[in-house]
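Report on one structure; see the data block that follows.
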There are 2 protein chains.
Amino acid sequence: MEKIEIKSERFDNMVEMIQKYGGCPVRATLKIIGGKWKPLILYFISVDVNRFGQLQRMMPDCSKRMMTVQLRELESDGLVHREIFAEVPPKVIYTLTTKGESLRPLFGELSRWGIQNVLEPQQIEPNNSGTSGELV
Amino acid sequence: MEKIEIKSERFDNMVEMIQKYGGCPVRATLKIIGGKWKPLILYFISVDVNRFGQLQRMMPDCSKRMMTVQLRELESDGLVHREIFAEVPPKVIYTLTTKGESLRPLFGELSRWGIQNVLEPQQIEPNNSGTSGELV
DNA sequence: AGCATTGGTAACAGTTTGGTAACTAGTAGA
DNA sequence: TCTACTAGTTACCAAACTGTTACCAATGCT
């Protein structure tokens, strides 16, 4: 039975945070943005592709059902706002909430890291193995 | 059939990136760090909790099998390095690779966003719904 | 009457991910 | 001889996530 001494100068003590909040904050974020189509949906809404049908045409591999499911989750997590117009045929527009907008810098970094470390293969280290296959 | 005009001043044209790399870079990153125990494992390794058994004692809810699975994926994705000592009883130590280290700032932001927007409930907006339940 | 339009649902099937419990090897110490 | 130690593996099961197909309503157009 050894005592583990954690050096916590870098990001400060995660164990305390987990106990305080009842969970890992990184994981909490990932649960919200981790849906297969969510990053892309958020991106498109952010550039004003804001109607259901438009989103579908931009992401033809995402089925209607998945589009609905993901949009509803984003809505209930407070990242997007759904406005319904009482017209026929129906009209619904999606916009980012403030919370949704606040993800921008994060997505910028996630994107940059992904390009540098996953999508661009020109690395000196012989690291061609790993999780591959379809990415979206 | 309408033409969709995307205003792309903010993060520049994602559609081009997806076509160039064959996938969404954000999603690519999330696939690598998204495993249930990966953020925590990476964190603990980063603070020198670097042996299998130590990791297990720090994360008692992660079973042996899951620990192995996640560690092997992290290894094959090039985020952690696994060094085996030919001793009895066996000794293996895990360390972050350069690629693994490069995740630090990203994890910092993911953590901050999670605390502010998910784990801390004190918000003015009445946004108490959403994905909840166990976080780790 | 018949078709197109938009923004969905419902029922179901398949895939991926996570979890449990039992078992392993080789050596040291009681 | 029996137990403990470390770092796993194997077989199997359950839950979560994603995908397919068919269907709906209200109106306008031909």
Side-chain angles (χ1 to χ4, degrees), chain A residues 1-2 4 23-24 27 30-41 44-45 49-77 80-95 131-136, chain B residues 1-2 4 24 27 30-41 44-45 49-77 80-94 131-136:
Chain A
M1 194 64 74
E2 72 213 283
I4 297 168
C24 167
R27 176 85 184 138
L30 294 179
K31 278 198 97 170
I32 284 188
I33 62 172
K36 181 160 179 183
W37 305 103
K38 285 180 185 175
L40 238 37
I41 290 175
F44 281 123
I45 294 178
V49 178
N50 53 16
R51 297 192 52 181
F52 190 92
Q54 290 179 339
L55 289 166
Q56 274 215 137
R57 282 189 289 280
M58 295 306 287
M59 306 164 58
D61 292 345
C62 177
S63 70
K64 261 182 174 182
R65 197 186 86 88
M66 280 313 295
M67 187 67 79
T68 310
V69 168
Q70 304 270 296
L71 280 167
R72 290 297 142 85
E73 286 178 15
L74 290 170
E75 192 192 358
S76 83
D77 286 329
V80 310
H81 175 245
R82 177 162 174 266
E83 188 172 5
I84 307 135
F85 294 82
E87 299 176 8
V88 165
K91 178 179 175 182
V92 174
I93 78 168
Y94 292 93
T95 46
T131 303
S132 53
E134 37 135 21
L135 286 166
V136 155
Chain B
M1 194 64 75
E2 72 212 285
I4 297 169
C24 167
R27 175 88 182 136
L30 295 179
K31 279 198 95 169
I32 283 187
I33 63 173
K36 180 160 180 183
W37 305 102
K38 286 180 185 175
L40 238 38
I41 291 174
F44 282 123
I45 294 177
V49 178
N50 52 17
R51 297 193 52 181
F52 191 92
Q54 290 179 338
L55 288 166
Q56 274 216 142
R57 282 189 288 279
M58 295 305 287
M59 306 165 57
D61 291 345
C62 177
S63 70
K64 264 182 173 181
R65 196 187 84 89
M66 280 314 295
M67 189 65 82
T68 311
V69 168
Q70 305 271 297
L71 280 167
R72 292 294 144 86
E73 285 179 15
L74 290 170
E75 192 193 358
S76 83
D77 285 330
V80 311
H81 175 244
R82 177 162 173 266
E83 189 172 4
I84 308 135
F85 294 82
E87 299 177 7
V88 164
K91 177 179 175 182
V92 174
I93 78 167
Y94 293 94
T131 302
S132 52
E134 37 134 22
L135 286 166
V136 154

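Lettering follows sequence order; numbering is per chain, from 1.
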Practice task
I would like to know whether A:K38 and A:I32 meet side-chain contact (heavy atoms from CB on, under 4.5 Å); could you show each step before the answer?
Solution key: CA-CA 9 Å; A:K38 285 180 185 175; A:I32 284 188; over 6 Å; no
Problem - Check: B:R65 side chain, C:dT20 base, donor-acceptor under 3.5 Å - result: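 By the distance-only test, yes, there is a pair.
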Handout entry: Base of C:dG18 paired with side chain of B:K36 (donor-acceptor, under 3.5 Å)
Key =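 Looking at the base of C:dG18, it does not pair with any donor or acceptor on the side chain of B:K36 (distance under 3.5 Å).
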Handout entry: Residue-phosphate contact under 4.0 Å: A:Q54 side-chain N/O, C:dT6 OP1/OP2
Key = no
Without decimals, in angstroms, what is the distance between [X] [atom1] and [N] [atom2]?
X     : N      : atom1 : atom2 : value
A:M66 : D:dT21 : CE    : C1'   : 16 Å
B:F52 : D:dA7  : CZ    : C1'   : 6 Å
B:L30 : C:dT17 : CG    : C1'   : 16 Å
B:E87 : C:dT27 : CD    : P     : 13 Å
B:R27 : C:dT16 : CZ    : P     : 12 Å
B:I93 : D:dG8  : CD1   : P     : 12 Å
B:R57 : D:dA7  : CZ    : P     : 8 Å
A:L74 : D:dC17 : CG    : C1'   : 15 Å

Practice task
Indicate yes or no: at least one non-hydrogen side-chain atom of A:R82 is less than 4.5 angstrom from one of A:V80.
Solution key: no
Practice task
Using atom types as modelled and distance alone, determine if a side-chain donor or acceptor of B:Q54 lies under 3.5 Å from a backbone N or O of B:N50.
Solution key: yes
Completion exercise
Walking DNA chain C from its 5' end, the first of A:L71 and A:V88 to be reached, judged by nearest nucleotide, is A:V88
Practice task
Decide side-chain contact (heavy atoms from CB on, under 4.5 Å) for A:F52 and A:L71; before the verdict, give the C-alpha distance in whole Å, the side-chain angles of both, and the deciding distance to 0.1 Å.
Solution key: CA-CA 9 Å; A:F52 190 92; A:L71 280 167; 3.8 Å; yes
Of the nucleotides [options], which has the atom closest to the [X] side chain?
X     : options               : result
A:W37 : D:dG19, D:dC5, D:dT27 : D:dG19
B:V92 : C:dG8, D:dA7, D:dT6   : D:dA7
A:Q70 : D:dT6, C:dG19, D:dT18 : D:dT18
B:P90 : D:dT6, D:dT27, C:dG8  : D:dT6
A:R82 : C:dG7, C:dT5, D:dT27  : C:dG7
B:R72 : C:dG8, D:dG8, C:dG19  : D:dG8

Handout entry: Steps toward side-chain contact (heavy atoms from CB on, under 4.5 Å) verdict (B:I33, B:D77)
Key = CA-CA 10 Å; B:I33 63 173; B:D77 285 330; over 6 Å; no
Exercise for the section: Return the 5'-most residue of the pair A:G35, A:K64 with respect to DNA chain D, ranking by each residue's nearest nucleotide. Expected result: A:G35
Exercise for the section: Please work out if A:F85 contacts a base, only the sugar-phosphate, or nothing of the nucleic acid, heavy-atom cut-off 4.0 Å. Expected result: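 If one applies the 4.0 Å heavy-atom cut-off, A:F85 turns out to touch nothing in the nucleic acid.
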